[in-house]
There are 2 protein chains.
Amino acid sequence: MSAAPERRPGGRRGARRERRGEGGPSAPATITRKVGFYDFADEDALARIEDQADWLLQEVGVEFRDDPEALRIWRAAGADVQETRVRLDRGMARSLCGTAPAEFTQAARNPDRSVTIGGRHQVFAPVYGPPFVRCLEKGRRYGSLEDFEKLVKLTAMLPSLHHSGFVTCEPCDVPVNKRHLDMLYAHMRWSDKPFLGAITAMERAEDSVAMARILFGDEAVDRHCVIMGNVNTNSPMLVDKVVTEAIRVYSAAGQGMIVAPFILGGAMGPVTTAASIAQALAEAMACCAFSQLVRPGAPFILGNFLSSMSLKSGAPTFGMPEPVISNYVIGQLARRLGVPLRCGGSLTASKVPDAQAAYESADSMQSTALAGANFVLHSAGWLEGGLVTGFEKLILDADRLGAYHVLLGGLPVDDNALARDAYGEVAPGGHFLGCGHTLANYETAYYDARLSDSESFEQWTERGEKDACRRAHERWTRMLDEYQAPSIDEATDEALRDFIDRRKAEMPDAWY
Amino acid sequence: MSAAPERRPGGRRGARRERRGEGGPSAPATITRKVGFYDFADEDALARIEDQADWLLQEVGVEFRDDPEALRIWRAAGADVQETRVRLDRGMARSLCGTAPAEFTQAARNPDRSVTIGGRHQVFAPVYGPPFVRCLEKGRRYGSLEDFEKLVKLTAMLPSLHHSGFVTCEPCDVPVNKRHLDMLYAHMRWSDKPFLGAITAMERAEDSVAMARILFGDEAVDRHCVIMGNVNTNSPMLVDKVVTEAIRVYSAAGQGMIVAPFILGGAMGPVTTAASIAQALAEAMACCAFSQLVRPGAPFILGNFLSSMSLKSGAPTFGMPEPVISNYVIGQLARRLGVPLRCGGSLTASKVPDAQAAYESADSMQSTALAGANFVLHSAGWLEGGLVTGFEKLILDADRLGAYHVLLGGLPVDDNALARDAYGEVAPGGHFLGCGHTLANYETAYYDARLSDSESFEQWTERGEKDACRRAHERWTRMLDEYQAPSIDEATDEALRDFIDRRKAEMPDAWY
């Protein structure tokens, strides 16, 4: 079936091309949601989960290990600290969270790319953390700095990825204690989108904020959030110094912190979903409260990462209904707390970007988006339970993310949308292909998923029977050919390089 | 990561196995939704769309062609009939729809498989209509009766498909005017789930009801819905005799009717989503009203099938945000009308069960399920815009459908779900793998997606690097080896065969 009306050059079509193009200048920096939230759980269920979180914090408490300064801060705040166990009276964590902003802006070096995090805004960032990469041509292998830079460039070009993330893959060919410097430089130099910083050791967090000061200037860093750290708790109910030190660097500098309990139900939390959600809420609230003790008003994102388990093997599973439920419910809980939320992503256990990967990623991401997640790490590129960044998967996921700009934008019902005039032109049994309303609205009517093939079987066969993965491969390799680096102030670039050279010279290489 | 606690034989695990097995006897016959509906559009938007539907029915009207009896019925009801154009005063259609039941039961020959349609119930049926089939081994080809019977058997075995549907593929090796008899026999003999009947000609609809009378007995047919017809309007605003004659057979016999406007936006309706939704509502309400004139109280399902369009080619696209929006909104509109809804499905334009197929199907189906669709045709097996039934796609989709039993079942928050005792056994930083709560709940905690691979990369490699499509192929071929036909009363079986033989003998073969 061919229903394309004659195309008009320029005009709205031109605008659309640009808006939906590869990083066109007018791509929106975030999604600003116009549709309502989905109230999956009722008031009673939410109240029971919140009560359980309070019970956990008061009766079980949270271990804060290997960081005496964290215990000192808790003690000074009036918490019950017994050795390394910190217990908070019912309501204390929630009350401390009250100074965290419900919404804040993370500035990008290109002001058009600055993102608002919280409220009705939703920001998508790529996968974080995989040691391996996979592409159609070279298969699965350890990530390298070259891979990393390619992923940063692709993320910079993809209009539906609003944020550059951080460890899009591990550049395993760079020493462990130095790679954060090269990663930061790549985000700062090859993209103009906002990014995260390092957290794996306190001095790496400090390097991150120091490099942000070079890029943005001291005044901007003192006045705005320009970088954020993303950490996991050691569930159940354990927070180690990676978390508290990161908070003591980022939050103290007025920068953003994301703390996401990673709970594989039945391992790091109870095997029932409500209990795991409550535990995640308790752990994340405790960390948010801690950040507010370090610096009241410091931007904080409440994280949540719940995974289910295969009955066959006990291995983590993704895109299953239990984590989908947890996305919806944690969305409701975060709105009640008034703190921005990170959850979900395009998650899968599949090794390759096949049907399993796409079903799981879509179900995971659909609920992530509807749940109102304000910051979505892993929204593109995740494979194999997070062990692998897929080049094709990155492009395939990102193509689907664009649909959320439309979905969350809601349904216009104005006179043009209702099209009464069209029925004057088109009689019952006729067709709307060439009518005035169609010509006037055609080019902006539908989301154009670039990697979705809707050709006829015959056309598709003639063009080589390419499946989605093959088309994605061709697209990302072409994109890299077309990549153009954003400009940067030369003195700033030099200062960044000098900083990196100096820091590298100060340290022997460490490989683990 | 391996987190499997020791397995206990029998007990709850045994029950679970059976419930989730291939057509185990205790598989639930439908989903009974416990979670709330998602209110995507606000009151004002819904009221504007309803007003537009009323405007269309009053000002534009609906053409009812080639069936003078339909016009007579409309005239007798007080509609404004000018030649073949039927106009209904504002509110008339909605008022006539008032006698359609909000909820009804379609009986299956196995009473455990009878389905309740409407309200909070959701019924999944396979793809309907493709002339082609595709499987991994034989590729794409015209469907045959052998393929059709295999698809009926697989549908019978898949616990998440609650309904057998009808034209799971076209058996193209049987004459067009006779294949409905073989299709009906296959549904009646090789499955014990409920099914649809033929609609392509009035005598085929009559054959369908006649065969249902043989299978269920006259008394059951007179008292219950045991068969339904599914038809499309000829959008825009045109209803041909296929629709009205089907209604005059099925509705007159107290059997179910599903009328689904198929609107490719920009072709069979305006290119804007709100207008297409309103038009679909108007057309379907007119047909529902007509069914209630034929027999007040006859079961009716309001259908809706909106498709978007590729900007590149004008070809229909699936799984895109605009049809996703239409699923949510038509769900709200159908609930306001108080008539059961058919919409959505696992739809895709992809030629093969690749990542595109799965992303599109998942996004389409997720919204279908959340929208509260009461009867979902095309919930498994659809490929290539509905031209192809995929054997692997059927199995892959059905595997994902099981997740909706969990998702729509909501989140338990009772004492067991909150697991406070577990924290007495597991200290902060410990693990829940062997604790009492995990052992007591492990086997029923998580949805077990059979076709999702969550093994390690090494295990997956050793076992041949099978992607989801390959695993699906192995599963459906194994299922057919294990298939066992449900028993049937011998006299009934003979009477069905006699009827078919007699009807076939009465007609010359027709091939188009």
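As a basis for the values below, the full set of heavy atoms in this structure was taken, side chains included, without hydrogen atoms, waters or symmetry mates. Lettering follows sequence order; numbering is per chain, from 1.
Heavy-atom distances place no part of Val239(A) under 4.5 Å from chain B, backbone and side chain included. Thr84(A) does not touch chain B: none of its heavy atoms, backbone or side chain, sits under 4.5 Å away. Asp397(A) touches chain B through backbone and side chain together, each having a heavy atom under 4.5 Å away. Neither the backbone nor the side chain of Leu408(A) has a heavy atom closer than 4.5 Å to any heavy atom of chain B. For a residue to count as touching a neighbouring chain, one of its non-hydrogen atoms must lie under 4.5 Å from one of that chain's; by this rule Ala45(A) touches chain B with backbone and side chain alike. Of the atoms belonging to Pro270(A), heavy atoms from both backbone and side chain fall under 4.5 Å from chain B. Contacts of Tyr423(A) with chain B are made by side-chain atoms alone, with heavy-atom separations under 4.5 Å and no backbone atom involved.
More than 12 non-hydrogen atoms from other residues, nucleotides or ligands lie less than 6.0 angstrom from CG of Asp240(A).
Put simply, of Ser452(B), Gly429(B), Gly409(B), Ala472(B), the one with the most heavy-atom pairs under 4.5 Å next to chain A is Ser452(B). Residue with the most contacts toward chain A among Ala274(B), Ala41(B), Ala349(B): Ala274(B) (heavy-atom pairs, distance under 4.5 Å). Considering only heavy-atom pairs separated by less than 4.5 Å from chain A, the leading option among Val324(B), Thr317(B), Val426(B), Leu370(B) is Leu370(B). Between chain A and the residues Asp467(B), Leu238(B), Asp363(B), Thr273(B), the largest count of heavy-atom pairs under 4.5 Å involves Asp363(B). For the options Gln366(B), Glu63(B), Met237(B), heavy-atom pairs under 4.5 Å to chain A are most numerous at Gln366(B). Chain A forms the most heavy-atom pairs under 4.5 Å with one residue out of Leu56(B), Thr233(B), Leu407(B), Asp414(B), and that residue is Leu407(B).
With sequence neighbours excluded, the residues satisfying side chain to side chain contact (heavy atoms under 4.5 Å, CB included) with Val388(A) are Phe132(A), Arg134(A), Arg140(A), Leu383(A), Glu384(A). Remark: Ala278(B) engages Ile49(B), Gln52(B) in a side chain to side chain contact (heavy atoms under 4.5 Å, CB included) (not counting sequence neighbours).
Between the side chains of Glu360(A) and Ser350(A), no donor-acceptor pair of N or O atoms lies under 3.5 Å. With hydrogens and angles left out, the side-chain atoms of Lys393(A) and Ser361(A) include a donor and acceptor closer than 3.5 Å.
Ionic pairing of Asp42(B) and Lys34(A) is not present here: no N-O contact between side-chain nitrogen and carboxylate oxygen is shorter than 4.0 angstrom.
Note: Tyr38(B) and Phe40(B) have perpendicular aromatic rings, judged against thresholds of 30 and 60 degrees for the angle between ring planes.
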